[in-house]
Amino acid sequence: MQATARHSDAGPAHGEPASAPDAPVDLAHLTRHTLGNRDLEREVLRLFAVQARMLVARMQEAGDEAVLRRLLHTLLGSAKGIGAWGVAGAAERQQAALDEGAPADLPVLAGTVEEAEAFIEALLRE
């Protein structure tokens, strides 16, 4: 995913799309939650990328399902907060798998997080 999906300073109210529909982060959602403060957006994205990576690493080491569930819940909330809908959906699917007695598919979740991280890193380089 290219970082060209970055929203313009004019924002979506001026007829320009805020982000590609399939972008790993919904930039219009993020802008609404940061009140358009670009410095805050960048900080929130940076924090999410670090936290998401850390949470996935801790999930892979978790030996207890209760710990795994807490980590998934934390990742889900953070992803929804910034509009990382793909990551949120992947976390929800892992929670549902656990609810059904199946193991979580952490490599799939990790891949979704990596995609969001790559998108975020490209944005932060702009």
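Hydrogens, waters and symmetry mates play no part in the numbers below; they use all other heavy atoms, side chains included.
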note = Correct closest heavy-atom pair for Arg42 and Leu124 would be NH2-O, 2.6 Å
request  = List the atom of Pro103, the atom of Ala97, and the distance in Å for their closest heavy-atom pair.
outcome  = O-CB, 3.8 Å
ask   = Is there a chain of hydrophobic side chains (I, L, V, M, F, W, Y, each step under 4.5 Å between heavy atoms) that links Met54 to Val87?
value = yes
message = For a quick test of reading the model, state the closest non-hydrogen atom pair linking Ala88 to Lys80 and the distance between them.
response = CB-CG, 3.9 Å
ask   = Taking atom CD of Glu92 and atom CG of Leu76, what is their separation to the nearest 0.5 Å?
value = 5.0 Å
query = Of the non-hydrogen atoms in Ala116 and Pro24, which two are nearest, and what is the gap between them?
reply = CA-CB, 3.7 Å
Cluster link Val25 to Leu55, ILVMFWY, side chain under 4.5 Å = yes
key: ring pair (Phe, Tyr, Trp, His ring centres under 6.0 Å) partners of His33, counting only residues at least two apart   = His29
inquiry  = To the closest 0.5 Å, what do you measure between CD (Glu41) and CD1 (Ile120)?
reply    = 11.5 Å
key: Verdict with reasoning, Phe48 to Glu117, per side-chain contact (heavy atoms from CB on, under 4.5 Å)   = CA-CA 8 Å; Phe48 174 78; Glu117 280 183 278; over 6 Å; no
message = Hydrophobic cluster membership, with links at side-chain heavy-atom distances under 4.5 Å among I/L/V/M/F/W/Y: are Leu47 and Leu123 in one?
response = no
remark   = Here the pair of heavy atoms bringing Ala23 nearest to Phe119 is CB-CZ, 3.9 Å
Considering only distance and modelled atom types, tabulate donor-acceptor pairs under 3.5 Å from the side chains of residues 65-75, sequence neighbours left out.
| from | atom 1 | to | atom 2 | distance (Å) |
| --- | --- | --- | --- | --- |
| Glu65 | OE2 | Arg69 | NE | 3.0 |
| Glu65 | OE2 | Arg69 | NH2 | 3.0 |
| Arg69 | NH1 | Asp99 | OD1 | 2.7 |
| Arg69 | NH2 | Leu98 | O | 3.3 |
| Arg69 | NH2 | Asp99 | OD1 | 3.2 |
| Thr74 | OG1 | Arg70 | O | 3.0 |

query = Taking 4.0 angstrom as the limit, do Glu61 and Arg58 come out as a salt bridge?
reply = no
Those residues that, when tested against Arg93, pass side-chain contact (heavy atoms from CB on, under 4.5 Å) (two or more places apart) = Ala90
request  = Decide yes or no on side-chain contact (heavy atoms from CB on, under 4.5 Å) for Leu30 and Val44, but give the supporting numbers first.
outcome  = CA-CA 9 Å; Leu30 180 62; Val44 167; 4.0 Å; yes
query = Does Leu109 offer a backbone N or O that forms a donor-acceptor pair with the side chain of Gln94 under 3.5 Å?
reply = no
ask   = At their closest point, which heavy atom of Leu45 faces which heavy atom of Ile82, and how far apart are they?
value = CD2-CD1, 4.1 Å
task = Run the numbers on Glu43 and Asp39 for side-chain contact (heavy atoms from CB on, under 4.5 Å), then give the verdict.
result = CA-CA 6 Å; Glu43 184 63 18; Asp39 291 334; over 6 Å; no
